[in-house]
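Working notes for the structure below.
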Amino acid sequence: MHAPTSSFPPDFAWGVATSAYQIEGSPQADGKGESIWDHFAHQPGRMLDGSTGDLACDHYRRWEEDVALMARLGVNAYRFSIAWTRVFPEGTGSVNAAGIGFYDRLVDALLEVGIAPYVTLYHWDLPQKLEEDGGWRSRATVDAFADYAGVVSAALGDRVVNWITQNEPWVAAFLGHRDGEFAPGRTDFGEALTAGHHLLLSHGRAVPVIRANSPGAAVGISLDCRPSTPATDQPADVSAQVHFDGFRNRWFFDPVFGKGYPSDMKAIYRAQGHYPSAEPPFVKPGDTDEIATPIDFLGLNYYTSLAVRAGKEQSEDTGVPPAVPAPEGYTEMGWPITPGALTSFLSRIHDEYAPAAILISENGASYSDAPGPGGVVADDRRIRYIARHLAATREALAAGVPVTGYFVWSLLDNLEWSRGFTQRFGLVWVDHQTQERIPKDSFFWFRDAIAHSRGR
Ligand code: FCB
């Protein structure tokens with residue numbers, strides 16, 4: 001399939017993304033402490049296939065091979081996350097220099113091959129000790145995060161320019177605290193709202209800390225999104241869609257961009273009994289401004305969109321099937337393939353919030369790939385998915401949306417959270433028994449697309 005990458009800006013960031021728990025393994029190496037995901041995955045019944053991240057992609061030991069793969073791919077950017085428990089095994093207290101050493105070497109190796117590190121500080125692996133003290137339900141975790149951000153940015157800030165504070169606070173809050181599907185496995189809507197607030201607050205608090213330590217830093221947050229349309233033009237579906245959008249998108253985007261929590265949703269949550277007052281009690285004076293600390297870019301993670309039908313299940317996305325069949329099909333996650341919604345959502349973000357820059361910090365597709373004859377992993381469906389979403393990105397660029405980068409999720413087939421190893425998102429196929437890595441056809445396609453865009 002033709003690579004739709006001509007006419008991307010010359011300084012566009014072409015990258016791949018990963019996260020610590022999903023690839024690193026080595027949960028106790030060099031003094032690492034236990035995280036909520038280490039803890040959660042070991043509880044019976046939590047992981048779909050009974051797996052854990054104890055080995056994952058063994059990246060902690062194979063990182064040099066993985067950097068070499070990225071050099072071969074030709075990306076100029078790599079987004080990875082730091083495991084908080086490598087830096088502070090118990091979340092606070094004394095710093096574990098050996099843990100920072102790992103990322104220090106990784107950053108140097110990336111720079112040596114011309115790949116800019118994009119560091120995510122939190123991709124869901126809270127230190128278990130902090131969870132036992134109240135986790136994201138507690139405001140104390142906000143301060144702990146700011147301290148952790150300070151230590152990491154002081155250690156790496158002379159070489160790392162691009163920083164992402166939080167990854168997908170909606171997921172961490174709601175799948176972790178309402179649905180119990182993700183660590184820490186709790187099931188209380190009110191707790192999810194509180195945790196979400198503290199995640200956002202921790203973002204705002206960390207921004208100036210990082211800037212102080214990392215001269216010239218560009219700091220942002222990665223928000224997930226679920227664009228949607230009403231399933232029909234019936235008033236009930238139309239208002240369900242507004243509710244869904246408030247629940248899934250506006251509750252996080254609005255405060256980050258200075259609009260505070262949306263008033264329609266505050267009223268809905270109050271009516272649902274999640275708190276007794278007009279203003280949510282977890283919002284303290286000054287929080288709204290702190291969350292809205294200006295950022296240098298928005299990271300947008302985009303996978304799919306849906307049509308919303310009336311009913312609480314759909315308005316608050318409890319995993320009910322999408323209302324309409326997807327003409328472009330579904331990925332292995334069951335997610336409809338909807339590249340057009342990426343273009344329109346990018347335009348909406350630009351119009352409503354006007355971030356200085358937007359990075360597509362994750363986009364990609366899971367398919368059940370396997371090596372065929374000659375060891376070739378023919379993943380045409382992933383190539384098509386990425387090509388369609390790059391074309392959608394280019395359309396937004398042409399319409400004036402300042403998109404400055406695109407990161408494929410993911411470099412490697414890795415541990416897809418509670419779905420374990422049942423999903424393969426990688427450009428590189430990984431044999432989870434032997435750790436053999438085989439670049440898929442999409443790897444070569446993306447390599448050529450990047451080269452084409454950079455005029456090579
Ligand atoms: C996102 C996560 C990422 C990965 C993809 C498929 O929600 O940020 O870690 O699991 O989904």
Side-chain angles (χ1 to χ4, degrees), residues 15-25 35-37 40-41 46-49 51-53 56-57 59 78-84 118-126 164-179 181-183 192 196 199 203 220-227 248-249 252 298-306 317 319 330-338 342 345 359-369 379 381-382 385-386 389 406-428 430 442:
V16 283
T18 64
S19 88
Y21 186 68
Q22 294 179 275
I23 64 166
E24 285 181 359
S35 79
I36 55 173
W37 270 96
F40 181 84
R46 293 296 200 181
M47 302 290 280
L48 187 61
D49 57 358
S51 61
T52 71
C57 299
H59 171 79
Y78 172 45
R79 174 177 176 230
F80 61 94
S81 80
I82 308 261
W84 186 338
Y118 282 63
V119 170
T120 307
L121 287 166
Y122 188 75
H123 205 124
W124 309 347
D125 45 358
L126 186 75
I164 292 166
T165 53
Q166 289 286 348
N167 178 69
E168 301 192 349
W170 181 89
V171 173
F174 281 89
L175 298 191
H177 298 80
R178 180 195 66 169
D179 299 342
E181 220 182 283
F182 282 9
L199 285 157
H203 151 74
I221 183 171
S222 282
L223 297 179
D224 53 306
C225 64
R226 277 289 192 283
R248 197 63 175 75
N249 301 319
F252 289 83
L298 169 71
L300 186 72
N301 293 357
Y302 178 81
Y303 290 93
T304 187
S305 66
L306 78 163
D317 182 24
Y330 298 82
T331 67
E332 190 74 16
M333 292 292 278
W335 294 341
I337 300 168
T338 56
L342 173 59
F345 199 76
L359 268 187
I360 298 179
S361 47
E362 287 181 26
N363 177 243
S366 161
Y367 288 110
S368 51
D369 313 304
D379 60 337
R381 292 176 298 180
R382 180 171 295 98
Y385 181 98
I386 296 172
H389 288 80
Y406 174 93
F407 291 70
V408 173
W409 183 272
S410 183
L411 173 66
L412 303 167
D413 289 341
N414 58 45
L415 179 125
E416 179 47 33
W417 305 109
S418 52
R419 300 201 199 197
F421 296 112
T422 65
Q423 302 290 324
R424 293 183 174 274
F425 274 93
L427 296 179
V428 176
V430 177
S442 57

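In what follows, every heavy atom counts, from backbone to side chain, and hydrogens, waters and symmetry copies are set aside. Whatever order the structure lists ligands and atoms in, that order sets their numbers, starting from 1.
- Looking at E362 against ligand 1, only its side chain comes within 4.0 Å, counting heavy atoms.
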Between R248 and D224, is the side-chain contact (heavy atoms from CB on, under 4.5 Å) condition met? List the steps. CA-CA 9 Å; R248 197 63 175 75; D224 53 306; 2.6 Å; yes

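- For the pair S19 and ligand 1, the shortest N or O to N or O distance does not fall below 3.5 Å.
- In this structure, the side chain of R79 engages the main chain of S361 through a donor-acceptor pair within 3.5 Å.
- For the pair N167 and ligand 1, the shortest N or O to N or O distance falls below 3.5 Å.
- Between F407 and Y118, the gap from one ring centroid to the other is short of 6.0 Å.
- Given atom 5 (C) of ligand 1, the protein heavy atom at minimum distance is Y303 OH, 3.2 Å.
- Atom numbering of ligand 1 starts at 1 in the shown order; those under 4.0 Å from a heavy atom of E416 are 4 (C), 6 (C), 10 (O).
- Ligand 1 places these atoms under 4.0 Å from at least one heavy atom of W124: 2 (C), 7 (O), 8 (O).
- Put simply, the side chain of H59 never gets that close to the backbone of G25: no donor and acceptor are under 3.5 Å apart.
- Counting heavy atoms under 4.0 Å from ligand 1, residue Q423 does not touch it at all.
- Inclusion of W409 in the set of residues having an N or O under 3.5 Å from an N or O of ligand 1 is not warranted.
- Atom numbering of ligand 1 starts at 1 in the shown order; those under 4.0 Å from a heavy atom of H123 are 2 (C), 3 (C), 8 (O), 9 (O).
- Here the rule is ring-ring contact (aromatic ring centres under 6.0 Å, His included) with W37, and of W84, F182, Y122, W124 only F182 fits it.
- Each of the atoms 6 (C) of ligand 1 lies under 4.0 Å from some heavy atom of F425.
- The residue D224 has no part lying near ligand 1, judged by heavy-atom distances below 4.0 Å.
- Using cut-offs of 30° and 60° on the angle between ring planes, the pair F174 and F252 is perpendicular.
- Summary of contacts: the protein heavy atom closest to atom 7 (O) of ligand 1 is E168 OE1, 2.5 Å.
- Looking at Y367, its side chain never comes within 3.5 Å of a backbone N or O of R382 through a donor-acceptor pair.
- The pair D369-R424 does not count as a salt bridge, with every side-chain nitrogen at least 4.0 angstrom from each carboxylate oxygen.
- Note on ring orientation: taking the six-membered ring where Trp is involved, the planes of Y303 and W335 are tilted (angle from 30° to 60°).
- Between W417 and ligand 1, a contact under 3.5 Å exists for at least one N or O pair.
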